[in-house]
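Have a look at the structure below before the remarks.
A, B, ... follow the sequence lines: proteins, then strands. Residue 1 opens every chain. Only a predicted model underlies this, so the values are computations on that prediction, with no experimental measurement involved.
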There are 4 protein chains.
Amino acid sequence: MASEKKQGGRPVDAAAGQALKLAALQLVREKGYAKVSIAAIASAAGVARQTLYNRWNTKADLVLDAVFEETGRFSTQPPDDAGMPCARQLESFLAEVFSHLTVDSDPLRALIAAAQEDPAFQAAFRDRFVLPRERIVTELLRRAQARGELSAERDPEMLSAFVHGAFWYRLLNGQPVDAALARAIAAEVFAG
Amino acid sequence: MASEKKQGGRPVDAAAGQALKLAALQLVREKGYAKVSIAAIASAAGVARQTLYNRWNTKADLVLDAVFEETGRFSTQPPDDAGMPCARQLESFLAEVFSHLTVDSDPLRALIAAAQEDPAFQAAFRDRFVLPRERIVTELLRRAQARGELSAERDPEMLSAFVHGAFWYRLLNGQPVDAALARAIAAEVFAG
Amino acid sequence: MASEKKQGGRPVDAAAGQALKLAALQLVREKGYAKVSIAAIASAAGVARQTLYNRWNTKADLVLDAVFEETGRFSTQPPDDAGMPCARQLESFLAEVFSHLTVDSDPLRALIAAAQEDPAFQAAFRDRFVLPRERIVTELLRRAQARGELSAERDPEMLSAFVHGAFWYRLLNGQPVDAALARAIAAEVFAG
Amino acid sequence: MASEKKQGGRPVDAAAGQALKLAALQLVREKGYAKVSIAAIASAAGVARQTLYNRWNTKADLVLDAVFEETGRFSTQPPDDAGMPCARQLESFLAEVFSHLTVDSDPLRALIAAAQEDPAFQAAFRDRFVLPRERIVTELLRRAQARGELSAERDPEMLSAFVHGAFWYRLLNGQPVDAALARAIAAEVFAG
DNA sequence: GAATAATCGAGACGGTACGTCCTGTCTTCAA
DNA sequence: TTGAAGACAGGACGTACCGTCTCGATTATTC
């Protein structure tokens, strides 16, 4: 129930797509999202500009893919449930997420910005980045409630919005997003 | 020893600046920030493009001014300290801030986005919009602690980041930012 | 020493070539030579683009073939020598040539234009279209000299250039090329 | 009833237009009309691409102007009426026109070709190049009739079409257009 | 009957050019 | 000196073709 289509035509060159993602990521890290043109990415990838348009509609779509190529595997698995207290689990989850931002904070900020002027991209970004992380925290907080580490009266969804909101708020305001912040957030959530 | 310069030449036309702010605000509300060009704003204001550049460096600067022309007077005064419980004060403050967004949520989102690719504008935006509101909430929470309505162990600054973060998070993710959210935020903050 | 090669492989599909010529002619008549792309012709013919390239190198080559598919049989046989005076023979020959242009004047003008930027095509066009018609007129004028209907001092080749030149000149300048022109040309040639 | 407009704005930079015409002419002579892109002309002129579009709509319009910049002054004045016989006058007029083609035959052929796919350009080309030369020859032939050097029964307009037609016909067929042709045409016209 | 070989439909690919749009600077005239 | 008007350099954008290429499927001839 899967493969969909395969009728004819020259097969898509996976290497070209890969090269584009790599070039995009590297250029964006190097010069900043806004200063990299579509043409520059294609050129750096040694690929025709149209080939880029064949796969992605916008620079944002490409960069979203490119960033996930690297970071997609991480941070989307709920942290280990083992004996560690939930507050500690939350802190280490946040610390790991934040650690990726040492190199990709500009792309991430740019993606959030790009989402503000393109609802389709906003939806894609939400599905692939926002919601998974939101759910992890929500689940973690529910487990904490089940284990009695968090008051049953708290609202896990609102708290999750607090957690990610604080993260976004610092990020988008140019303030540090680091291990210290992870600790402070976790502490405050469980301080209630 | 104040007015600096006044030697001659045609006086600056205050009406031109006003027309620009008005045109900017209207166009941005109508078509969305990204789809309005500087030239379009100047043209709609019946003003030369250079006249705009004489007053603002970027579209973001202009729109920031234009938005504040309308909303600047509101929401920056700490809510009334009167007998009302602090949770209620927080809720009503947030509700008022959110109520302006029925018409200006797109400009606000666009300004946050614009701040991501222009540090100078980010600083201006932070000074004029972000920090004042952040301080109001921080102060309010401190008062709540003083009045015993909030545990002294909580961190008002982190909580303020939670509050505004939740606001930004919902706003930038295309989710409703309304009175219900104001109530939920206030409730959760004081639930601890 | 003739048939060249015949070892194997799928035979060329004659129907495909035919479909291409038909589609080319129809599209060119409909939308004008310049507004028809190679891809559009192949697509209209229900044929792969490469199949077109297998047979013709350029759009001009294809259209040349396509136009001749229809009109090639006509106008290349010297007019009947019978009792008719040569002036009359010339007029009726030209009238017949011109009559085809009611539907194909745009393709013909486009082919002349195409020949200006492709020497190889210019040669092909010259061999298949220009020279045959030039020879017919030259021969006709020689016969007229032999029959005393045209002064022996005239130069048949120059006169033939006058005749076809006047035709091209009107055609390429957007002026009518019709029976009236045929009559006027023939009259002037024999007026000397 | 004259100056039209002059209200404000930066004046058009005449040097830019001049540089564009020069670059266009040189590049076209060097590489051929079809192989020169609009961008290449602008770049060679050291001018922004948009500046070119501000003045001309198409490459053909620009090249038409550029060619006339050089040749417009010549060949549009009727040849001297002095004692010279009209046949001689015609020959020398044609010889002069043809002499310009040693360097500009490709541009001229390209302009004729371009006229085939753009009625507006065809009209401009006709007004500025075709008709003036056609009239010169027509007038010259009328004078010849008045002076009894050409039979009053000949049709000067048809003969003029013969003359220019022969010229175009040779030119567009890649055959030499030189002094010998000028002589042959003049001789044949007056041979009648 | 299997191997070989050319063609076909389909469509991706590297390239080139196009015309449009926008930005920030400049140059003029008029107030 | 400011403002209105608008030209200019520069550069990105998305689109349209072109001619080539790479597939799998098809259809002949040759072994």
Side-chain angles (χ1 to χ4, degrees), chain A residues 5-17 34-40 42-43 45-55 57-59, chain B residues 5-13 15-17 35-40 42-43 45-55 57-59, chain C residues 5-13 15-17 35-40 42-43 45-55 57-59, chain D residues 5-17 34-40 42-43 45-55 57-59:
Chain A
K5 74 274 177 147
K6 199 53 166 297
Q7 46 243 52
R10 175 171 173 172
V12 170
D13 181 355
K35 297 201 172 174
V36 174
S37 71
I38 288 181
S43 159
V47 146
R49 208 147 46 91
Q50 184 58 51
T51 298
L52 191 159
Y53 284 111
N54 285 345
R55 295 152 201 270
N57 288 324
T58 66
K59 187 168 57 161
Chain B
K5 70 260 179 152
K6 201 55 166 298
Q7 46 217 65
R10 177 168 172 173
V12 171
D13 181 358
K35 297 200 171 175
V36 174
S37 70
I38 288 185
S43 158
V47 145
R49 212 142 45 89
Q50 183 59 50
T51 301
L52 192 157
Y53 284 110
N54 287 344
R55 293 164 164 73
N57 287 324
T58 67
K59 184 168 60 162
Chain C
K5 67 261 179 154
K6 200 58 166 297
Q7 46 218 62
R10 177 171 173 172
V12 170
D13 180 356
K35 298 201 171 173
V36 174
S37 70
I38 288 184
S43 159
V47 145
R49 214 143 41 93
Q50 183 59 51
T51 301
L52 192 158
Y53 285 109
N54 287 344
R55 295 163 164 73
N57 287 324
T58 67
K59 185 169 59 162
Chain D
K5 71 273 176 148
K6 199 53 166 299
Q7 47 241 54
R10 176 171 172 172
V12 171
D13 181 355
K35 298 200 171 174
V36 174
S37 71
I38 288 181
S43 159
V47 146
R49 210 146 44 91
Q50 184 58 51
T51 299
L52 192 159
Y53 283 111
N54 284 345
R55 296 151 202 272
N57 288 324
T58 66
K59 187 169 55 161

How far apart are the closest heavy atoms of [X] and [Y], and which atoms are they?
X	Y	value
B:Ala16	B:Thr51	CB-CG2, 4.1 Å
B:Asp13	B:Arg55	O-NH2, 2.8 Å
B:Lys59	B:Val36	NZ-O, 2.8 Å

[N] [atom2] sits how many Å from [X] [atom1], rounded?
X	N	atom1	atom2	value
B:Asn54	F:dA5	CG	C1'	14 Å
A:Arg10	F:dA25	CZ	P	18 Å
C:Leu52	E:dT7	CG	P	15 Å

- Under 4.0 Å protein heavy-atom contact, by nucleotide of nucleotides 15-22 of chain E - B base, S sugar-phosphate only: B-BSBBBS
- Task: Enter the inter-axis angle for the ends of the helix from E:dG1-F:dC31 to E:dA31-F:dT1 (five pairs per end, rounded to 10°).
- Result: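 Roughly 10°, once rounded to the nearest ten degrees.
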- Pairwise 5' ranking along DNA chain E for A:Val12 and C:Ala16, keeping only the more 5' one: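 Here C:Ala16 is the residue nearer the 5' end.
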- When the nearest nucleotide of DNA chain E is assigned to C:Ala45 and to A:Ala14 on a heavy-atom basis, which residue is associated with the more 5' position?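 The residue closer to the strand's 5' end, by nearest nucleotide, is C:Ala45.
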- If you pin C:Pro11 and B:Thr51 to their nearest nucleotides in DNA chain F, which one's is more 5'?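 First, find each residue's nearest nucleotide; the 5'-ward one identifies B:Thr51.
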